[in-house]
Student: 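Just passing along the structure, written as structure tokens.
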2 protein chains.
Amino acid sequence: MSATVREAPVIKVVPEPDDLPEPLPEPAVEDLRLETVLGALSDPLRLRIVQKLLLESEAFDHSCGWFGLDRPKSSLTHHFKALREAGVTRQRQYGLERRSHVRVADLDARFPGLLGLVAAWTPPDTA
Amino acid sequence: MSATVREAPVIKVVPEPDDLPEPLPEPAVEDLRLETVLGALSDPLRLRIVQKLLLESEAFDHSCGWFGLDRPKSSLTHHFKALREAGVTRQRQYGLERRSHVRVADLDARFPGLLGLVAAWTPPDTA
DNA sequence: CATGCAGTACGATTAAACTCGTACATAGGA
DNA sequence: TCCTATGTACGAGTTTAATCGTACTGCATG
């Protein structure tokens, strides 16, 4: 049954070195709004993106193509931007690529437990 | 500052007697979807409704007027219906009134920690 | 039985979001 | 230098949601 509650997964907190490109514009920690974050996470595709980042990401950020999402490029730009502007992810420009990671520390500080729910999410059949 | 994280509030679980009217149509526990619930909670007015139910409700359900929301009646109907259809609240018909309460046990079982975030939410200045 | 009250149902308007095609910008390699 | 790969910007079409006026239902009370 799909209603089973998974065990709490381990979410890695990736420390940030100092010599990284500046992040793209994003809300400050103290400006994060629960309703905005929930709105950003209320889309299955974006939930998928965040969950994959939480569960499968390495020590470095991940570019848009890493996710293997079968959508036009402009659609992906739209959703990654929505996540960043809501404060869920941070994006940095590495040459041509724009790489993302989840703002785990910030979100845990403001909305403890939220990322656990995302990590435990079961995607719908049609995704 | 508004970024302060509140202490975890106590959320009462209201037991349900047996002799109540049938609930209005709602999704079963196992059909609750995180993305749908988050979507329902991504609206400030609805977040306000749920939070007030969590923090201030008595042992009985509460009718629409109890919330003191300054909106047209038809708007309130819309939002209460949205919450119910997402599975956040349960509504029962008591004669003329339709009373609501949060499905605390169901939501805690499927999305542990979520209601704590709602209870700790700080409403925006303009509300 | 008429009035008031709680709330729904319906429909129109407006605003926002999703989706995606196309054109464009840039870095790196042959 | 030209080509390719990554990804953005812009704009249009479509869909979804919010807002709210109006009309309506049903109970309760005088």
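We use all heavy atoms of the structure for the numbers below, so side chains are in, but hydrogens, waters and symmetry mates are not. Each chain gets a letter, A, B and so on, in the order the sequences are listed, and its residues count up from 1. Treat the numbers as computed from the prediction; the structure is a model and nothing was measured.
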Student: Closest approach to the side chain of B:Lys73, judged atom by atom: which nucleotide of C:dT19, D:dT6, C:dA6 is it?
Tutor: C:dA6

Student: Does a side-chain N or O of B:His79 approach OP1 or OP2 of D:dT19 to a distance below 4.0 Å, or not?
Tutor: yes

Student: To the nearest angstrom, how far is B:Leu76 atom CG from D:dT19 atom P?
Tutor: 10 Å

Student: At less than 4.0 Å, is any side-chain N or O atom of A:Thr77 found next to OP1 or OP2 of D:dG7? Yes or no.
Tutor: no

Student: Across the strands shown, which category fits B:His78 at heavy-atom distances under 4.0 angstrom: base, sugar-phosphate, nothing?
Tutor: base

Student: What are the two closest heavy atoms between A:Ala86 and A:Val37, and how far apart are they?
Tutor: O-CG2, 3.6 Å

Student: Go through D:dG21, D:dT19, C:dT19 for me and flag the one nearest to the A:Arg71 side chain.
Tutor: C:dT19

Student: Base, sugar-phosphate or nothing for A:Arg46? Non-hydrogen atoms, less than 4.0 Å.
Tutor: sugar-phosphate

Student: So does B:Ser74 reach the base of D:dG21 with its side chain, donor to acceptor, closer than 3.5 Å?
Tutor: yes

Student: What are the two closest heavy atoms between A:His101 and A:Arg92, and how far apart are they?
Tutor: CE1-NH1, 3.7 Å

Student: Could you tell me the separation between the OH atom of A:Tyr94 and the C1' atom of D:dG7, rounded to a whole number of Å?
Tutor: 16 Å

Student: State which residue, out of A:Leu115, A:Val29, A:Asp108, fulfils the side-chain contact (heavy atoms from CB on, under 4.5 Å) condition with A:Arg103.
Tutor: A:Val29

Student: Over how many whole Å does the gap from A:Asp43 atom CG to C:dA16 atom C1' extend?
Tutor: 14 Å

Student: Within this structure, what is the CZ-to-P distance between B:Phe80 and C:dA6, rounded to whole angstrom?
Tutor: 14 Å

Student: How many angstroms lie between CD in A:Gln51 and CD1 in A:Ile49, if you round to the nearest 0.5 Å?
Tutor: 11.5 Å

Student: Distance check needed: D:dA17 P versus B:Leu38 CG, whole Å only.
Tutor: 15 Å

Student: Please report the distance, rounded to the nearest Å, between CD in B:Glu85 and C1' in C:dT8.
Tutor: 13 Å

Student: Separation of B:Lys81 atom NZ from D:dT19 atom P, in whole Å?
Tutor: 16 Å

Student: Among D:dT6, C:dC20, C:dA6, find the nucleotide with the atom closest to the side chain of A:Pro72.
Tutor: C:dC20

Student: Return whichever of A:Leu45 or B:Arg98 has its heavy-atom-nearest nucleotide of DNA chain C closer to the 5' end.
Tutor: B:Arg98

Student: For A:Glu97 and C:dG28, what is the distance between atoms CD and P respectively, to the nearest whole Å?
Tutor: 11 Å

Student: Check whether any side-chain heavy atom of B:Arg90 lies under 4.5 Å from a side-chain heavy atom of B:Asp106, and answer yes or no.
Tutor: yes

Student: Think B:Ser63 has a side-chain N or O under 4.0 angstrom from the OP1 or OP2 of C:dG7?
Tutor: yes

